[in-house]
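For reference, the structure is listed below as structure tokens.
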Protein chains: 2
Amino acid sequence: MSTTFLLKRLGFAAKEQALEAYEQAGLHPYHHAVLAVLDEGSRETQGAIADSLGYDRGQLVGLLDELEERGLVERQRDPADRRRQSVRITQDGKRALAKLRALALQLEDDFLGRLDKDRRALLRELLRELASEHIPHCAFQQQSAAVAADG
Amino acid sequence: MSTTFLLKRLGFAAKEQALEAYEQAGLHPYHHAVLAVLDEGSRETQGAIADSLGYDRGQLVGLLDELEERGLVERQRDPADRRRQSVRITQDGKRALAKLRALALQLEDDFLGRLDKDRRALLRELLRELASEHIPHCAFQQQSAAVAADG
DNA sequence: TATTGTTATACTCTATAACTATA
DNA sequence: TATAGTTATAGAGTATAACAATA
């Protein structure tokens, strides 16, 4: 059983577990990422959000529609340039984001389950080493909204 | 940057790299898996192959069509039960399988690139520990055709 | 003409469901 | 009727391309 095989399967398992948990919360990891971006800089244009997450602009429209329906974000035309929408997170959105962040931590802790603290640190270090080689801009990247919730 | 995030991204990267390399070889990891199963037990029925790999039977038909076009497998009606097809790997199929196995080893080695031998062993052990919890029947499973090439 | 957001289209993967031929 | 293989259909997910409003 090769290491890359284990990586693929474990990554897939982690993703599945996350999707299921987010679905029970009525949202998708994509929503988490969008809320996290909006929570960093309070007002953003849709193009800026999409770019910072690496999402397609068309994809973002639907995500924002769903977040707006739930009252987690608000959209407003920019008076200075009426093509632009100003998007901001609401108070309900902030509360939802806090819950999603707790959920993500819980998922992480559950997934690493039987590994003790030292072994978790070891695993993380090894994966970061691989990531620095295989995941562009991952080595020096700060914990940002973009990676708080993945997809 | 969470550990599960790194797992997801690295698993995805490993999969992408593998797909690209297999594509250049004119085949898919699925083909590798099928050939590996056929190489274990020389004659198999399509249902048995599909079941041992966890593939859908409809999915397998197309894979075998492609392998047969390339002369890597042969199908033959079972005279005793004309509903069944006997599938066997050809000499060309065995040669192709050897190449795919070498390719998989190469991909693994490339992916783990800068990790030395001890760190590779350590990573593998940690991943196996996680796998025993999250990937059913993975802990006690021998290296089998089913996992030689993944999907 | 170029850009922002939006909508529509198409393509990949996969899962499911008919269909045929044999039993 | 039940099964093995085959074919067709439908769904999720995503990428691409057209579109309307504004600059």
Side-chain angles (χ1 to χ4, degrees), chain A residues 8-9 11-13 15-16 18-20 22-23 26-34 37-38 43-69 73-88 146 149-151, chain B residues 8-9 11-13 15-16 18-20 22-23 27-34 37-38 41 43-69 73-88 146 149-151:
Chain A
K8 292 173 212 173
R9 283 296 178 92
F12 189 75
K15 186 177 178 179
E16 264 194 334
L19 283 177
E20 194 173 338
Y22 274 83
E23 195 174 10
L27 292 169
H28 190 280
Y30 287 148
H31 296 121
H32 181 171
V34 173
V37 164
L38 290 173
R43 284 169 188 275
E44 301 264 4
T45 176
Q46 294 190 193
I49 300 167
D51 290 348
S52 74
L53 291 170
Y55 294 176
D56 182 85
R57 295 185 178 198
Q59 182 187 9
L60 190 67
V61 174
L63 292 171
L64 287 174
D65 288 345
E66 289 152 0
L67 288 171
E68 200 174 27
E69 280 175 16
V73 306
E74 287 176 351
R75 276 193 276 209
Q76 192 179 354
R77 287 274 166 206
D78 180 350
D81 182 346
R82 291 192 41 74
R83 291 174 305 180
R84 289 181 158 82
Q85 299 257 41
S86 289
V87 188
R88 63 182 181 81
D150 24 73
Chain B
K8 291 174 213 171
R9 283 296 177 94
F12 190 73
K15 186 176 178 180
E16 263 194 336
L19 282 178
E20 195 173 337
Y22 274 83
E23 196 173 10
L27 292 170
H28 190 281
Y30 287 148
H31 296 123
H32 182 171
V34 173
V37 163
L38 291 173
R43 284 168 187 277
E44 301 264 6
T45 178
Q46 293 191 194
I49 300 168
D51 290 349
S52 75
L53 291 170
Y55 295 176
D56 182 85
R57 295 183 179 201
Q59 182 186 9
L60 190 66
V61 174
L63 293 171
L64 287 175
D65 288 346
E66 290 151 0
L67 288 171
E68 201 175 26
E69 281 174 16
V73 307
E74 287 176 351
R75 277 192 275 208
Q76 191 180 354
R77 287 274 165 206
D78 181 349
D81 183 346
R82 292 190 41 73
R83 291 174 304 180
R84 287 182 159 84
Q85 299 257 41
S86 288
V87 187
R88 64 181 180 81
D150 25 76

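If you're wondering where the values come from, they're calculated on a predicted model, not measured in any experiment. Side-chain atoms are counted along with the backbone in the values below, which use heavy atoms only and exclude waters and symmetry mates.
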For nucleotides 17-23 of chain D, tabulate all protein N/O to nucleotide N/O atom pairs closer than 3.5 Å, reporting atom names and distance.
unit_1, atom_1, unit_2, atom_2, d
D:dA23, OP1, A:R82, N, 3.0

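The CG atom of B:L60 sits 16 Å away from the C1' atom of D:dT3 (whole-angstrom rounding). If you take OH of B:Y30 and P of C:dA15, they are 8 Å apart, rounded to a whole angstrom. To the nearest angstrom, P of C:dT4 lies 19 Å from CD of A:Q76. Following rounding to the nearest Å, A:Q59 (CD) and C:dA10 (C1') show an atom-to-atom distance of 16 Å. Atom CZ of B:R57 and atom P of C:dA17 are 15 Å apart (whole Å). Following rounding to the nearest Å, A:H28 (NE2) and D:dA12 (P) show an atom-to-atom distance of 13 Å. In this structure, CG of A:L64 is placed 16 Å from P of C:dT4, rounded to the nearest angstrom. One interatomic measurement links the two molecules: CD of B:E66 to C1' of D:dT6, which rounds to 15 Å at whole-angstrom precision.
The closest side-chain heavy-atom distance from A:I49 to A:T45 is not below 4.5 Å. For the pair A:E44 and A:L38, the minimum side-chain heavy-atom distance is below 4.5 Å. Annotation: side chain of B:Q59 is in contact with side chain of B:Y30 (closest heavy-atom distance under 4.5 Å).
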Report the C-alpha separation of A:L19 and A:H28 in whole Å, then their side-chain angles, then the decisive distance to 0.1 Å, and conclude whether the side chain to side chain contact (heavy atoms under 4.5 Å, CB included) test is met.
CA-CA 7 Å; A:L19 283 177; A:H28 190 280; 3.5 Å; yes
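Taking CG of A:L63 as the reference point, atom OH of A:Y55 lies at 7.0 Å (rounded to 0.5 Å).
Counting only distance, with no hydrogens or angles, the side chain of A:R77 and the backbone of A:Q85 share no donor-acceptor pair below 3.5 Å.
Distances shorter than 4.0 Å separate some side-chain N or O of A:T45 from OP1 or OP2 on C:dG5. The phosphate of C:dT6 has OP1 or OP2 within less than 4.0 Å of a side-chain N or O from A:R75.
Classification of B:R83 and B:D78 as a salt-bridged pair fails, no side-chain N sitting under 4.0 Å from a carboxylate O.
Between C:dG5, C:dT14, D:dT7, one nucleotide has an atom nearer to the side chain of A:Q85 than all others, and that is C:dG5.
A donor and an acceptor atom, one from each side chain of B:Q46 and B:R75, are located under 3.5 Å apart. Side chain to side chain, B:E66 and B:H31 meet the donor-acceptor criterion of an N or O pair below 3.5 Å.
End-to-end axis angle of the helix from C:dT1-D:dA23 to C:dA23-D:dT1, from C1' rotation axes over five pairs per end: 40° (rounded to 10 degrees).
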